[in-house]
Amino acid sequence: MKRRQLLLTLLGVPVVGSLIYGAISKSKNQYEPVLAKSPASNPPENNPTFTDPTEEPLVRFAAIADNGFGSPDQMAVAKSMWETYQQKPYPFVLMAGDNIYSYGEISLAKAYFEDPYAPLLKENVKFYAVLGNHDIIKSNNGLDQINYPLFNMSDRYYSFTKGNTAEATIEFFAIDTNDNAPWLEQLAWLDRQLANSTAPWKIVFGHHPLYSSGRHGSNPKLAAKLAPIFAKHKVSLYLCGHDHGYERFAPINGTTYIVNGGGGAPLYSFGKSPQTAFVSAQFSFMTFDVYQDKIITKAIATDGKVFDRAIITKTI
């Protein structure tokens with residue numbers, strides 16, 4: 001048995017995961033090109049087999065990433081978020097990094113964060129942020145953003161729970177995926193916190209993708225660190241940004257991976273891999289409706305239309 005396979009086995013991770021990982025960690029240049037704003041072959045709004053439940057979700061939240069430019073595109077996404085909120089309110093937003101371009105200066109927080117999302121902030125919608133690669137350059141290595149109250153970061157990595165009942169509880173794990181993160185301590189913390197969590201739903205969010213068909217592509221080193229832990233502890237979803245666009249992967253060892261980097265920064269070209277379930281390079285954000293037995297994900301464009309929907313079920 002190879003050393004890497006032995007390590008996965010000792011961690012309690014199925015060896016098949018390493019084979020899947022190897023299949024999707026190709027260079028992005030090997031993927032088939034997909035044009036920006038390419039329509040889905042079966043648009044979800046025209047799919048009669050996909051209908052929303054009639055009951056209200058137990059928890060609803062939104063997510064963005066790569067938004068902090070203060071650009072017209074960011075403002076368009078923010079407007080769509082506000083219009084969606086007015087129809088179906090959500091109490092909090094996950095913000096997966098590159099919160100303030102280009103160097104993370106907290107002096108730009110008003111222009112690049114408070115002003116674009118002012119209507120949501122006025123309604124006491126909370127934003128939970130993580131650090132992107134742009135956020136640590138001129139911000140005391142991210143400390144300025146960690147200490148900024150409206151980002152609700154208790155540290156470089158942290159966790160919090162949402163939900164009023166045991167069946168509806170979600171535990172979120174926010175991580176620092178930058179190269180200079182305290183990886184040994186963080187991985188030990190993540191492994192321990194996931195092991196101790198009793199939440200039916202476990203969601204991790206960070207800035208960098210493990211798998212992506214965008215400009216930056218998949219990150220084998222990051223996948224080697226995190227994918228075994230996700231599989232071991234049955235993480236339902238990993239949400240990130242970094243590649244500026246949208247890509248949802250079919251579940252890999254029980255975890256759904258979504259790149260959600262269309263928050264306002266200039267878009268990248270995307271390809272696709274055999275594990276890509278849907279990809280589209282357009283400005284967008286996401287909402288998540290959490291039920292006892294499923295999470296319904298929606299990717300929403302600046303015109304307010306849903307261009308991708310999926311159902312995440314619990315990993316057994």
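Start at 1 with the first residue, then count along the sequence.
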| In terms of side-chain geometry, is the basic nitrogen of K314 or D293 positioned less than 4.0 Å from the acidic oxygen of its partner? | no
| query | Can you tell me if OH on Y103 sees more than 12 non-hydrogen neighbours from other groups inside 6.0 Å? | reply | no
| What is the ring orientation for F160 with Y158, classed by angle as parallel under 30°, tilted 30 to 60°, or perpendicular over 60°? | parallel
Report yes or no: do [X] and [Y] form a side-chain donor-acceptor pair below 3.5 Å?
X	Y	value
S197	E171	yes
Q282	S284	no
Y112	N99	no
D176	Q186	no
D191	H233	yes

| query | What pairs with N133 under side chain to side chain contact (heavy atoms under 4.5 Å, CB included), at least two apart in sequence or on another chain? | reply | D98, N178, H207, H208, H242
Backbone of [Y] reached by a side-chain donor or acceptor of [X] within 3.5 Å:
X	Y	answer
S80	A301	yes
S218	S212	yes
N219	K221	yes

| Quick one: is the NZ or CZ of K162 closer than 6.0 Å to the six-membered ring centre of F61, and within 45° of its axis? |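 So K162 doesn't make the cation-pi contact.
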| task | Please say which of Q87, K79, Q86 ends up in a side-chain hydrogen bond (donor to acceptor under 3.5 Å, both in side chains) with E83. | result |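 Single pass found, and it is K79.
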| query | Just one of K88, R60, K294 clears the side-chain hydrogen bond (donor to acceptor under 3.5 Å, both in side chains) bar with D289, so which one? | reply |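 Looking at K88, R60, K294, the match for D289 under the side-chain hydrogen bond (donor to acceptor under 3.5 Å, both in side chains) is R60.
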| request: Would you mind telling me which of I136, V130, I175 makes a side chain to side chain contact (heavy atoms under 4.5 Å, CB included) with R156? | output: I136
| field | Residue of the set T255, V259, T177, L222 for which side chain to side chain contact (heavy atoms under 4.5 Å, CB included) holds with L210 | value |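 Testing L210 for a side chain to side chain contact (heavy atoms under 4.5 Å, CB included) against T255, V259, T177, L222 leaves exactly one candidate, L222.
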| Which residue, Y128, F92, W201, forms the ring-ring contact (aromatic ring centres under 6.0 Å, His included) with F172? | F92
| request: Can you spot which of F151, Y117, Y90 makes a ring-ring contact (aromatic ring centres under 6.0 Å, His included) with F127? | output: Y117
Verify same cluster id: [X], [Y] (apolar side-chain graph, 4.5 Å):
X	Y	answer
I64	F69	no
L121	M75	no
F249	I229	yes
M81	F307	yes
L143	L131	yes

| query | Side chains of L187 and Y157: closer than 4.5 Å at any heavy-atom pair? | reply |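 They are not in side-chain contact.
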| request: Taking all heavy atoms of Y101 and all of H244, pick out the closest pair and write down the distance. | output: OH-NE2, 3.3 Å
| request: Only counting residues at least two apart or in another chain, list the ones meeting side-chain hydrogen bond (donor to acceptor under 3.5 Å, both in side chains) with N147. | output: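 Counting only residues at least two positions away or on another chain, N147 forms no side-chain hydrogen bond (donor to acceptor under 3.5 Å, both in side chains).
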| Hey, what else clusters with L184 if you join Ile, Leu, Val, Met, Phe, Trp, Tyr whenever side-chain heavy atoms sit under 4.5 Å? |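 Members alongside L184: none; it stands by itself.
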